[in-house]
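In the text below, chain A, chain B and the rest are named by the order of the sequence lines, each starting its count at 1. Below, all heavy atoms of this structure are taken into account, side chains as well, without hydrogens, waters or symmetry copies. Please read these numbers as outputs of a predicted model, since none were measured by experiment.
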Protein chains: 2
Amino acid sequence: MSRKKEILKTATLLFATNGFKETSMAEVAKASNVASATIFYHFNTKDDLFLSVLSNVKDSILEEFSHYFGEKKFASGLEMLDASVSFYLYLAGSKTEWFLLLHRYYPYKLAEENEICRRYLEDIYNCFVDIFEKALSEGQSDGSVRELSPRKTALVILSTVDGIVRFKNCNLYDAGALYNELIACIRQMAANQNQKQ
Amino acid sequence: MSRKKEILKTATLLFATNGFKETSMAEVAKASNVASATIFYHFNTKDDLFLSVLSNVKDSILEEFSHYFGEKKFASGLEMLDASVSFYLYLAGSKTEWFLLLHRYYPYKLAEENEICRRYLEDIYNCFVDIFEKALSEGQSDGSVRELSPRKTALVILSTVDGIVRFKNCNLYDAGALYNELIACIRQMAANQNQKQ
DNA sequence: AGTCGAACTGACTGATGAATCAGTTAGTTT
DNA sequence: AAACTAACTGATTCATCAGTCAGTTCGACT
């Protein structure tokens, strides 16, 4: 792996687990087996490094989603919704750093003044919402999903799933034990009761 | 107001809006019209100040909840659930600092090594979950709520409501516009369909 | 062999920030 | 008025950290 990618990878991990302000460039350098000045050769400033990290995370997430949903077919919109939620939970479990980073406040604070940062975050969250919305819309067409506003409900579902993941990462509750309950609740929330099997 | 309380109040606001590491003791001092050294007279260390802030927020939240739910009576468990969610949203809107603070990562990071901090956070979140759980349990008794695990479902509901509030505070979506949708979704999630009016 | 440039580094700098300390002030007690 | 004390402060200390700079290394091209 090139030095630059190595730096990006360790920075992602450190920013995610310890925070942006809490991580010094010297730490990143040491963990990457590189001199501090090397980081400044590849990235102009610390904020610059952070934006590269976020951009990288964004690309990876978008790729994971398009890879998973690009081919797959579902029996119904409701089935697709189930699968989307499960996939989100699977990703959150296997790429913990990404979600830890997204559950920090720094990116959103930076987004207030930095258009590029804002764009990255919007891309990521729109990717999530779009999938849920698509599932709900298709579900309404095939009759598996009840009458509701697909976009708004998709946002409510995202906040539920994202909330559970956040709780899990915060180690407050054993939120991992809630996955089955979560899927059931979301199904209940969206399902068309009249044609339930 | 005593100097100590003044410091506590401005520190709450600054830690919540700018973060713990991002806020210097000098800033807190200036915003409180006090010399830096005065803060160290009242609070031994910066972490100490943070714990006092959190303790204060915890007490306030617990008091708000016991005040609101101490007297009130509800027509059914489902009605109580509605009211609980609405009250949570109302609080999040009027005491933004509290929720901004709780949506930062620092408290949870500190809780990993500091038993007292952990206890404060647990007290706060248990207060939330307990109310939702009580509403669900009572709803099952009076038949307004479907068959489900009250505790687990309460946690799912908390993650939904908390997730929405977090989105709102992060300025990503106009999550405020989702409140009606949110209440409807949660009702749909919990309601007993057989006896719906 | 000699030149060039990209990648990299050790040593440094200036700024900032938590914490300390030797006091001063003002209110209360004796 | 003298003694005591809680509240408060200006000046200072020491560590850390983002960023700079004057170089070195090394492979590619001429």
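The ring pair (Phe, Tyr, Trp, His ring centres under 6.0 Å) test applied to A:F99 returns A:Y88, not counting sequence neighbours.
Side chains of B:N56 and B:K9: a donor-acceptor N/O pair is absent below 3.5 angstrom, by distance only.
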Show your working on salt bridge (charged side-chain N to carboxylate O under 4.0 Å, His left out) between B:D123 and B:R118 and close with a plain yes or no. CA-CA 9 Å; B:D123 286 350; B:R118 177 165 192 85; over 6 Å; no

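Between B:H42 and D:dC8 there is a side-chain N or O to OP1 or OP2 distance below 4.0 Å.
Comparing D:dA18, D:dG10, D:dC8 against the side chain of B:R3 picks out D:dC8 as the nearest.
When each of A:A26 and B:Y41 is assigned the nucleotide of DNA chain D with its nearest heavy atom, B:Y41 is the one assigned upstream, toward the 5' end.
Under the 30°/60° scheme for interplanar angles, the aromatic rings of B:F87 and B:F65 are found to stand perpendicular. Relative orientation of the B:F167 and A:Y125 rings is perpendicular, given thresholds of 30° and 60° on the angle between their planes.
Side-chain contact between A:L51 and A:F43 is absent, with no heavy-atom pair separated by less than 4.5 Å.
Counting to the nearest Å, the P atom of D:dT20 and the CZ atom of A:F40 are 8 Å from each other. For the pair A:F43 CZ and D:dC17 P, the interatomic distance rounds to 20 Å; values are reported in whole Å. Remark: P of D:dT16 and NZ of A:K30 are 12 Å apart, rounded to the nearest angstrom. The nearest whole Å value for the distance from the CG atom in A:L49 to the C1' atom in D:dC17 is 15 Å.
Within the 3.5 Å criterion, the main-chain N or O of B:M189 finds a donor-acceptor partner in the side chain of B:R146.
Comment: B:R166 engages A:D162 in a salt bridge, judged by a side-chain N to carboxylate O separation of less than 4.0 angstrom. Taking a cutoff of 4.0 Å between a charged side-chain nitrogen and a carboxylate oxygen, B:K21 and A:E22 do not qualify as a salt bridge.
Across residues 16-25 of chain A, A:T23, A:S24, A:M25 each have a non-hydrogen atom less than 4.0 Å from an atom of DNA chain D (numbered order).
Counting any heavy atom pair closer than 4.0 Å across all strands shown, B:T45 reaches sugar-phosphate atoms only and no base atom.
Between chain A and DNA chain C, the heavy-atom contact criterion of under 4.0 Å yields a 5' to 3' nucleotide range of C:dA6 to C:dG10.
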